[in-house]
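Here is the structure we will look at.
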Amino acid sequence: MVEKDPSVRVRFAPSPTGMLHIGGARTAIYNWAFARTMGGTFVLRIEDTDPERSTEENTQIILRAMRWLGLSWDEGPEVGGPCGPYFQTQRTETYQAALDKLKAEGRVYPCFCTKEELDAKRAKAEAEDGGYAGYDGTCRCLSKEEAQARIDAGEPHVWRIAVPRDRGTIQFDDAVYGHMSFPAEAMDDMIVCRSDGTFTYNFAVVCDDANMGITHVIRGDDHLSNTPRQVLIYEACDFPVPVFAHLPMILGPDGHKLSKRHGATSVEEYRDRGYLPEAMVNFLALIGWSLDGETTIIPEDVLCENFTLDRINRKDGVFDETKLEWMNGVYIREMDADTWVEAATPWLAQAYADGVRVDAGVTMVPTPAKEEQEERARQTRVPGDGVDVELWQKALAHVADHPALFRAIFPLVAERLVRFDEIPAKLSYLFWGPNVQLDEKSVAKVLTKDGARADEALAICREVLAGLTGDWDEDVTMEACKAKGEAAGLKPKQLFQPLRVAVAGNMVSPPLFESIKLMDMADVLARIDATVSAVF
RNA sequence: GGCCCCGUCGUCUAGCGGUUAGGACGCCGCCCUUUCAAGGCGGAGGUCGCCGGUUCAAAUCCGGUCGGGGCUACCA
């Protein structure tokens, strides 16, 4: 049992410049899980200071992704809180106030160097042997009077922190990386306020974190080198320095930083491909953190009772989708039928729409290559692109109107599903009505192969099925077929595989008799007849 | 160039001076079985990047080295 500390305040501070990235989601999860296990507060703050890239729409997308993952925040957009506002664009007064204080105390100075001058200096320094060592402090040497005169003259200027000359080595203890030490020479006087009067990221974050009473800053590894600069800002402002905990990065399968070319990188894309939020959270939590090195299935409540900073590791981790798929399957199998129908509704509707659209009679379709199948599943979008609106509405209504049917389907596919986007391909045969779509390879291997005796098998099964009345039992029926088949010298496999192909169109399908039970018997018989006449 | 970080089976990881280096995914085999799965059982994969040192004893401590990554903006 982890000891609680309700005074803990952490925050997740995304920039609304795009979707919620996998790496960002992991950072959010760690902050959230830490707040929950400590009994502290989880703050959500939107860093929308970049007007070029930040949009209201992106903010909504991120909030939606957070909610989908189940990462509820205690303070932030839409829920408010005592430290608001929670958008950086609405906090400029607080930055200005902090800057005014720094000016009054002489801890910042105006710098009139232009971007061009600085770029030139940097380029020159980099070309020489010593290399670039940061801003050279030209304007720091200006007299107060001269600086004021140039400001009064309207000369453009930024404000820079005057790092104390005798500051010495900058040190702090990172909860993940341990004791960190940076030589003072490596720190130049960073800009806190731009020439247009806006504030830089490093300054805004420090002010926000301090003003919001953040006790632990849990964020990506890429900020580690920025941290000493921020420590200097904390010190200049007389703010207490929080505990830092930097997280290792998440890499793509090729060992490089996860990016678009690795495929899906946003939480939404994974949602649309039929991953469960519970699985995403569990999986992401395990990249860079472990409960005990043994446990891999860690439900939300366990995570929120046991997440500690000291078990975060320092090594970058590769995002391995195969393991995510396995884990998603685990969570699917643990669902109950009702929850499943609700969560999978769009894909179930898709399955229905696909099934209904199948051509009348018997159609032969080529067997797709494995990659092609994968690709097709990935392209399945919700609500189905390319499906006409009317059919889509009808499909949704069908799902809504037949809850018992779809609940009954769950046990047939639960242990065969790894993602929901596999549902249409796996289940559309249930909705074919009297029509059949035959997979070429299955026909060749099961129906027309020499010595298969598929026609006999179908006749036997058809006879048994046709004789059924009322509420029949699948096991009894199956045994009845088996007995007749045995009498004719047909093994179970020889008997049932043809039936499977005739009914489901493929030699691979969910359980046969259980499927038939969910369909209209007249349709099933029609499929058998149509297949027989088309193939033999 | 400078500063900082990382390096245990293919992948996620446990390990914190003495373990046959443990677990999970994936892979292979067997069992179950009308298909595919799921499940059960078993197996192959690490000598802990490399070199040297400390020690009776090192994946675990120290030094060096190689490789990978981050930061070094009037971006966040």
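Reminder, nothing fancy here: chain letters follow the sequence lines and each chain counts from 1.
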Problem - Electrostatic pair A:Lys441:A:Asp439 at N-O distance under 4.0 angstrom - result: no

Problem - Lys/Arg-Asp/Glu bridge criterion (N-O < 4.0 Å) met for A:Lys517, A:Asp473 - result: no

Problem - 5′-ward residue of the pair A:Met249/A:Glu294 relative to RNA chain B - result: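 It is A:Glu294 whose nearest nucleotide is closer to the 5' end.
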
Exercise for the section: Return the 5'-most residue of the pair A:Arg194, A:Met187 with respect to RNA chain B, ranking by each residue's nearest nucleotide. Expected result: A:Met187

Using a heavy-atom cut-off of under 4.0 Å over every strand shown, decide if [X] touches base, sugar-phosphate, or nothing.
| X | result |
| --- | --- |
| A:Pro511 | base |
| A:Asp292 | sugar-phosphate |
| A:Arg311 | sugar-phosphate |
| A:Ser181 | sugar-phosphate |
| A:Gly329 | nothing |
| A:Val318 | sugar-phosphate |
| A:Ser195 | base |
| A:Thr198 | nothing |
| A:Leu495 | nothing |
| A:Lys482 | sugar-phosphate |
| A:Asn313 | sugar-phosphate |
| A:Cys113 | base |

Practice task
Taking A:Arg167 for its side chain and A:Thr169 for its backbone only, find out whether a donor-acceptor pair lies under 3.5 Å.
Solution key: yes

Practice task
Could you tell me whether a side-chain N or O of A:Tyr30 sits under 3.5 Å from a main-chain N or O of A:Ala285, the two making a donor and an acceptor?
Solution key: yes

Exercise for the section: Would you say whether A:His223 stacks on B:A76? The test is a distance between ring centres of less than 5.5 Å and an angle between planes of less than 30°. Expected result: yes

Nucleotide paired to [N] in any strand shown, Watson-Crick or G-U, under 3.5 Å:
| N | result |
| --- | --- |
| B:A38 | none |
| B:C61 | B:G53 |
| B:G67 | B:C6 |
| B:U11 | B:A24 |

Between [X] and [N], does any side-chain N or O lie under 4.0 Å from OP1 or OP2?
| X | N | answer |
| --- | --- | --- |
| A:Arg314 | B:G68 | no |
| A:Asn506 | B:C36 | no |
| A:Lys315 | B:G68 | no |
| A:His256 | B:G69 | yes |
| A:Ser509 | B:U35 | no |
| A:Arg122 | B:A73 | yes |

Picking from [options], which would you name as closest to the side chain of [X]?
| X | options | value |
| --- | --- | --- |
| A:Arg229 | B:G69, B:U35, B:C71 | B:C71 |
| A:Lys323 | B:A24, B:A73, B:C4 | B:A24 |
| A:Asn202 | B:C3, B:C36, B:A76 | B:A76 |
| A:Arg333 | B:G39, B:C12, B:C4 | B:G39 |
| A:Arg500 | B:U35, B:C74, B:U13 | B:U35 |
| A:Leu224 | B:U34, B:G69, B:C5 | B:C5 |
| A:Ser225 | B:A76, B:G70, B:U35 | B:G70 |
| A:Phe182 | B:C12, B:C71, B:C4 | B:C4 |
| A:Glu415 | B:C3, B:A37, B:U34 | B:A37 |
| A:Asn226 | B:C74, B:U34, B:C71 | B:C71 |

Sticking with atom [atom1], work out how far [N] lies from [M], rounded to a whole angstrom.
| N | M | atom1 | answer |
| --- | --- | --- | --- |
| B:U60 | B:C16 | P | 13 Å |
| B:U47 | B:A58 | C1' | 12 Å |
| B:U54 | B:A44 | C1' | 37 Å |
| B:G1 | B:U8 | C1' | 33 Å |
| B:G26 | B:C12 | C1' | 11 Å |
| B:C51 | B:C56 | C1' | 23 Å |
| B:G15 | B:G23 | P | 15 Å |
| B:G67 | B:G22 | C1' | 27 Å |

Whole angstrom is fine here: how far is it from [atom1] in [X] over to [atom2] in [N]?
| X | N | atom1 | atom2 | result |
| --- | --- | --- | --- | --- |
| A:Leu247 | B:G70 | CG | P | 16 Å |
| A:Ile250 | B:U13 | CD1 | C1' | 14 Å |
| A:Leu258 | B:G68 | CG | P | 20 Å |
| A:Arg160 | B:C74 | CZ | C1' | 8 Å |
| A:Asn328 | B:A38 | CG | C1' | 15 Å |
| A:Phe203 | B:C75 | CZ | P | 15 Å |
| A:Glu321 | B:C25 | CD | P | 17 Å |
| A:Leu291 | B:C12 | CG | P | 19 Å |

Exercise for the section: Give a yes/no verdict on a cation-pi contact between A:Arg407 and A:Phe410, requiring under 6.0 Å between NZ or CZ and the six-membered ring centre and an angle within 45° of the axis. Expected result: no

Practice task
Could you classify B:G63 for me, syn or anti, using a glycosidic angle within 90° of 0 as syn?
Solution key: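 B:G63: anti.
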
Practice task
Please work out which of the three classes, parallel, tilted or perpendicular, describes the rings of A:Tyr429 and A:Trp432, given edges at 30° and 60°.
Solution key: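 Perpendicular: the ring planes of A:Trp432 and A:Tyr429 meet at over 60°.
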
Exercise for the section: Quick one: sort the A:Tyr177 and A:His246 rings into parallel, tilted or perpendicular, breaks at 30° and 60°. Expected result: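 Ring orientation, 0 to 90° scale: tilted.
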
Practice task
Kindly state whether the ring of A:Phe319 and the ring of A:Phe283 have centres lying under 6.0 angstrom apart.
Solution key: yes

Problem - Pair A:Asn202-A:Thr200, side-chain donor/acceptor within less than 3.5 Å - result: no

Handout entry: Side-chain H-bond candidate by donor/acceptor type, A:Arg500 with A:Gln497, under 3.5 Å
Key = yes

